[in-house]
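Letters go in sequence order (proteins before strands), and every chain restarts at 1. Atoms considered below: every heavy atom in the structure, side chains included; atoms not considered: hydrogens, waters and symmetry mates.
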Number of protein chains: 2
Amino acid sequence: MISKPGHDPEVSLLAVTVDLVIFTVRGDELHILVVERGIEPFQGAMALPGGYVRPGETLDEAAERELREETSLEGSALHLEQLRAYSEPERDPRGRVITVAYLALGPDMPPPVAGTDAREAVWVPVASVLGGGTELAFDHATILRDALEHARSQLEHTTVAAKFCPEPFTVGELRRIYEVVWGFKLDPSNFRRKMTRAEAFLEPTGEQRFPDVGRPAALYRRGSARFLVPPLLRTAASRDDAHVHPG
Amino acid sequence: MISKPGHDPEVSLLAVTVDLVIFTVRGDELHILVVERGIEPFQGAMALPGGYVRPGETLDEAAERELREETSLEGSALHLEQLRAYSEPERDPRGRVITVAYLALGPDMPPPVAGTDAREAVWVPVASVLGGGTELAFDHATILRDALEHARSQLEHTTVAAKFCPEPFTVGELRRIYEVVWGFKLDPSNFRRKMTRAEAFLEPTGEQRFPDVGRPAALYRRGSARFLVPPLLRTAASRDDAHVHPG
DNA sequence: GGGCTTTTAGTCAATATGACGTTTAGTAGG
DNA sequence: CCTACTAAACGTCATATTGACTAAAAGCCC
């Protein structure tokens with residue numbers, strides 16, 4: 001039962017933040033955006049970009065605002081989605097702070113400009129973080145693991161993988177997204193068959209891309225479909241194979 | 001950037017609640033548990049069970065506590081899972097309250113005893129709520145719609161459907177869960193083939209159930225598998241067919 | 001042209017699926 | 001005892017999908 005906030009002894013007020021796991025694919029590695037903390041606790045450590053939710057703001061708006069501040073990219077170019085809330089009382093040494101994590105997927109972008117803000121944002125390979133090469137503050141490593149598993153699962157059933165690709169893109173570029181996120185190779189021929197047959201996933205532009213090496217590839221734009229039907233499922237075996245190479 | 005809660009002007013403290021969408025299957029209809037509100041706003045209206053998160057509590061603990069209070073059932077018998085957070089500033093007329101919704105699935109239980117608490121909890125058919133027969137307070141109708149779609153999707157890929165069945169149960173009972181939640185009929189023969197072949201989903205007990213009518217059915221217990229592989233996918237057509245009969 | 005790469009197309013066996021039909025084992029009623 | 005009736009359990013079969021594989025096509029570099 002909900003009663004008047006602030007006037008009921010049972011009501012406790014909590015600090016609420018949003019934290020962003022912003023994925024992108026650079027080269028052949030999955031990266032996330034992290035910021036260096038300027039103050040205690042965890043001063044000098046890396047953390048997920050994020051911040052307090054402001055009074056008039058929804059969580060989605062707070063996440064979009066943080067995303068703009070960190071990437072200087074339009075929200076429309078990125079996929080932004082709520083992941084889940086984290087609420088361990090001990091997760092922040094300063095006191096009770098719960099956070100709502102968001103997952104963002106986007107194309108490779110220029111490293112965000114430092115100086116607009118006190119914090120410096122950098123891309124780091126996910127493998128380096130999960131392998132222990134980069135410590136994350138708070139429970140952000142847990143959030144990252146959850147976000148990674150969620151993203152991997154999303155690739156199976158939805159068309160979000162295309163959000164990693166700047167338009168227009170080739171089937172090969174899209175396949176590389178899957179391979180990098182999932183951590184194992186896919187058969188080029190079978191992948192093409194699957195993707196081109198999926199309704200409204202890939203919209204041919206008629207143009208071609210002429211790479212430095214290899215046969216020219218047809219170019220596509222993102223179609224209107226949000227779901228990939230039938231899905232492209234990882235086998236039980238490939239889930240095991242999926243490993244993050246410590247970098 | 002996170003700074004000391006309560007000492008930074010940028011920090012706003014929010015009231016945080018958990019709300020529970022508790023599904024069960026009774027007869028041939030999907031039901032949820034709702035409570036009648038005793039106070040304004042929405043006095044007399046129905047609402048999802050829920051309440052404020054207490055200072056030392058995680059969200060999961062708050063959800064489990066509310067679940068115990070409303071159902072007097074062990075948490076272990078139920079599937080309880082965080083759905084997502086809702087944060088529209090106007091969602092509560094008294095002020096800023098964000099809520100984290102939880103999804104619970106469980107077997108049919110006796111209607112919770114009234115009197116242990118001021119509020120009375122009752123099972124109502126989901127169809128009656130979504131059809132407009134029962135108004136829900138706040139944005140709880142939206143939460144219910146999201147929870148229903150999530151539950152339907154969960155049945156495709158996971159083994160949670162078995163959580164609706166008191167053990168031991170028959171394949172036919174499990175099939176009825178799918179039919180009631182999805183809102184359309186399944187082929188008994190193909191369903192059986194699928195479920196019995198799935199690894200570690202159904203564990204035969206060797207016993208049989210002798211119903212009033214029809215051939216005796218083998219009894220099963222829930223296996224250890226949490227995912228259903230391969231999944232049992234609704235076709236695009238059946239998603240459209242899935243309709244909630246206004247009750 | 002020869003070697004290299006990647007795209008694109010095609011083959012084929014194994015598997016999964018959907019739509020059926022049949023048998024089995026119980027109850028209910030004459 | 002015999003006949004309906006019901007639902008479980010099992011089987012069949014045409015079709016669709018998948019995974020593994022071969023091969024051709026179309027560019028590049030030397």
Nearest whole angstrom, please: distance from the [atom2] of [N] to the [atom1] of [X].
{"X": "A/L233", "N": "D/dG19", "atom1": "CG", "atom2": "P", "answer": "8 Å"}
{"X": "B/L186", "N": "C/dT17", "atom1": "CG", "atom2": "C1'", "answer": "13 Å"}
{"X": "A/R209", "N": "C/dT5", "atom1": "CZ", "atom2": "C1'", "answer": "17 Å"}
{"X": "A/L219", "N": "C/dT6", "atom1": "CG", "atom2": "C1'", "answer": "14 Å"}
{"X": "A/L174", "N": "C/dT7", "atom1": "CG", "atom2": "C1'", "answer": "14 Å"}

Do the ring planes of B/Y178 and B/F191 sit parallel (below 30°), tilted (30 to 60°) or perpendicular (above 60°)? perpendicular
Do you see a donor-acceptor pair shorter than 3.5 Å between the side chains of [X] and [Y]?
{"X": "A/Y86", "Y": "A/D19", "result": "no"}
{"X": "A/T24", "Y": "A/D108", "result": "no"}
{"X": "A/D60", "Y": "A/Y102", "result": "yes"}
{"X": "A/H31", "Y": "A/E29", "result": "no"}
{"X": "B/T58", "Y": "A/S87", "result": "no"}

Where along residues 187-200 of chain B does a heavy atom fall under 4.0 Å from DNA chain C?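 B/D187, B/S189, B/N190, B/R193, B/K194, in order of number.
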Where do N or O atoms of nucleotides 22-29 of chain C meet protein N or O atoms at under 3.5 Å, pair by pair?
residue: C/dT24; atom: O2; partner: B/R215; partner atom: NH1; Å: 3.0
residue: C/dT27; atom: O3'; partner: B/D212; partner atom: O; Å: 3.2

Closest non-hydrogen atom pair, B/V25 against B/G27: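 Closest approach of B/V25 to B/G27, heavy atoms only: CG1-O, 3.9 Å.
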Shortest non-hydrogen pair, B/V122 vs B/M46, comes out as CG2-CE, 4.0 Å
